[in-house]
Amino acid sequence: MEKFRLADIEENNTIKNQIQRGFREQNPFGSEGFREENKIYLDLTYMFKTPGKNSIRIKDVELLIPDVIKAHQMLKNNEGNIFDGNIPMTGWQNLPLEITEEHIRDIKAVTSELSGKIDAFVSLGIGGSYLGIEATFRALTHGYFNQLSRKQRGDTPEIYFLGQNMDPDYFRDTLDMLEGKRIAINVISKSGTTTETAIAFRILRNLLEKSCFNNANQMILATTDKEKGILRKMSDEMGYKSFVIPDDIGGRFSVLTDVGLVGLAMANIDIEEFVAGFRNMREITLTDEFWQNPSLIHAALRYAAWRAGKKIEVIATNAKSLYSVARWMEQLFPESEGHEGHGMWVSPSFYSEKLHANGQMIQQGERNIIETFLMLCEHDNRIQIPREKVDSDGLNFLSDRGLDMGFINKNVVEGPAYAHFQGGIPNMTIKIPKRNAFNLGQIYYMMEKSVAISGYLLGHNPFIQPGVEAYKKAMFALIGKPGFEDQAQSMETNLKQIKRIKI
Ligand code: PA5
């Protein structure tokens, strides 16, 4: 049997970019031209006056402008319901300006030294200590990263993520991938007490100690709070190289802190460019001119939609690379907005795949949905559609007109946007020009500010997540964690009154 060959398919630009990033001498992202090329647009063509009931009118949004501007000013002045204890949780606002070149150099020095000694890097964390790193990594790297050669990965180790669940099979499968490799771990937890992360850390630390004898501690990085948590104490005692998560930045706002920067530098992602994207969007979203400020517009549209009875936001993308960014938004918005009976359920979706699943519901189901498209305008690669002598599938019209897969993929947004609007679903498209770290930084900052404004509009603190504690307490009580005896007792009493239904 002959081997499958890529014949006349061009070189993969995602790999090319990944390799070249390490050698770039000049930063192009400071220039006006670069910023212009990477401008993120909001397309609101299909947002207003959808056919049928519960539509959103532009007037509804205009009426919100004074409240939105007031919220924006309060946010900029660190005022309002934004405190966790006595700390205003708005450190992310100016963080893009506070990251120094020296700090970036230090991170890169650590990761490049470690990188040369290892074959695989395992990032441990959950929620805000995981999603942003994974999203950025998936957005910018090859879809089968760990299966590429080290050279194709831009001379980086393989990258794995653990500590986001307690599934022993998944854990075991990941261990198989690490077998026989030289590994390093980055354990990320602001509190230091998150069970999923702590258990994953304990297991890997144990295996590392058995494999590396004396130098296991040098293969462990810890990213945690400055002084309070258990992980900080442990890290100081064991001499792990450690990084700090600032007190005034919550997990889901922390992708630009060392939480994200260390893992991204390890994956050869351009962290200067990432910071530059945050800086650029910070500057863009400073204005109180509502229609010039994408964060304010985004927040007001979503709030107007919620008030019009929209309970679900489908965040759909036409790029596999951006699907994890939708997942990052799935955390940022519900964890910040789902308080006191508020908020929309966020459903991340990759189109066209999901159009053959929830597409029917969006078109004709209950009209309680809005849709936000994250549209990648320019893919890394062009895939031509071959012409055939006998046009049995009727697709020669594409090759005859020189239309490639990317062209069709644009219409994987344009088509549903039109059809879903006709079906009564308001939708907006966020146009992301290209896959690069700058654009990721821009999107993250835009969304962080949007959700902060949303907190003011909804009237609750978006920077805390007391609801997440409830599951933790119940789980700790059930697994018999010391200190949770009272909770276990009260659960036992309550459970006696609840009839178990087993069929
Ligand atoms: O946004 C948040 O604050 C949370 O999602 C946390 O990031 C998550 O619970 C993990 O917490 P920690 O970093 O303390 O382990």
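Everything quoted here is computed from the prediction, not taken from an experiment. Counting starts at 1 for both ligands and their atoms, in listed order.
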Could you check whether Ser454 and Arg302, counting side-chain N and O atoms only, form a donor-acceptor pair closer than 3.5 Å?
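No, because no side-chain N or O of Arg302 sits under 3.5 Å from a partner of the opposite role on Ser454.
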Near-ring test Phe463/Phe83, centroid separation under 6.0 angstrom:
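Ring centres of Phe463 and Phe83 not closer than 6.0 Å.
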Taking the six-membered ring for Trp, are Trp328 and Tyr444 closer than 6.0 Å centroid to centroid?
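Yes.
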Using a 4.0 Å cut-off on heavy atoms, what residues surround ligand 1? Order them by chain and number.
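For ligand 1, the residues that come within the 4.0 Å heavy-atom cutoff are Ile126, Gly127, Gly128, Ser129, Ser189, Lys190, Ser191, Thr194, Gly251, Arg252, Gln331, Glu335, Gln465.
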Is the terminal nitrogen or CZ of Arg279 (NZ for Lys, CZ for Arg) located under 6.0 angstrom from the six-membered ring centre of Phe29 and within 45° of that ring's axis?
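Checked: cation-pi criterion not met.
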With a cut-off of under 6.0 Å to the ring centre and 45° to the axis, is Lys241 in cation-pi contact with Phe243?
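That pair qualifies as a cation-pi contact.
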Where do Ile188 and Thr197 come nearest, in terms of heavy atoms and distance?
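So the minimum-distance heavy-atom pair works out to O-CG2, 3.7 Å.
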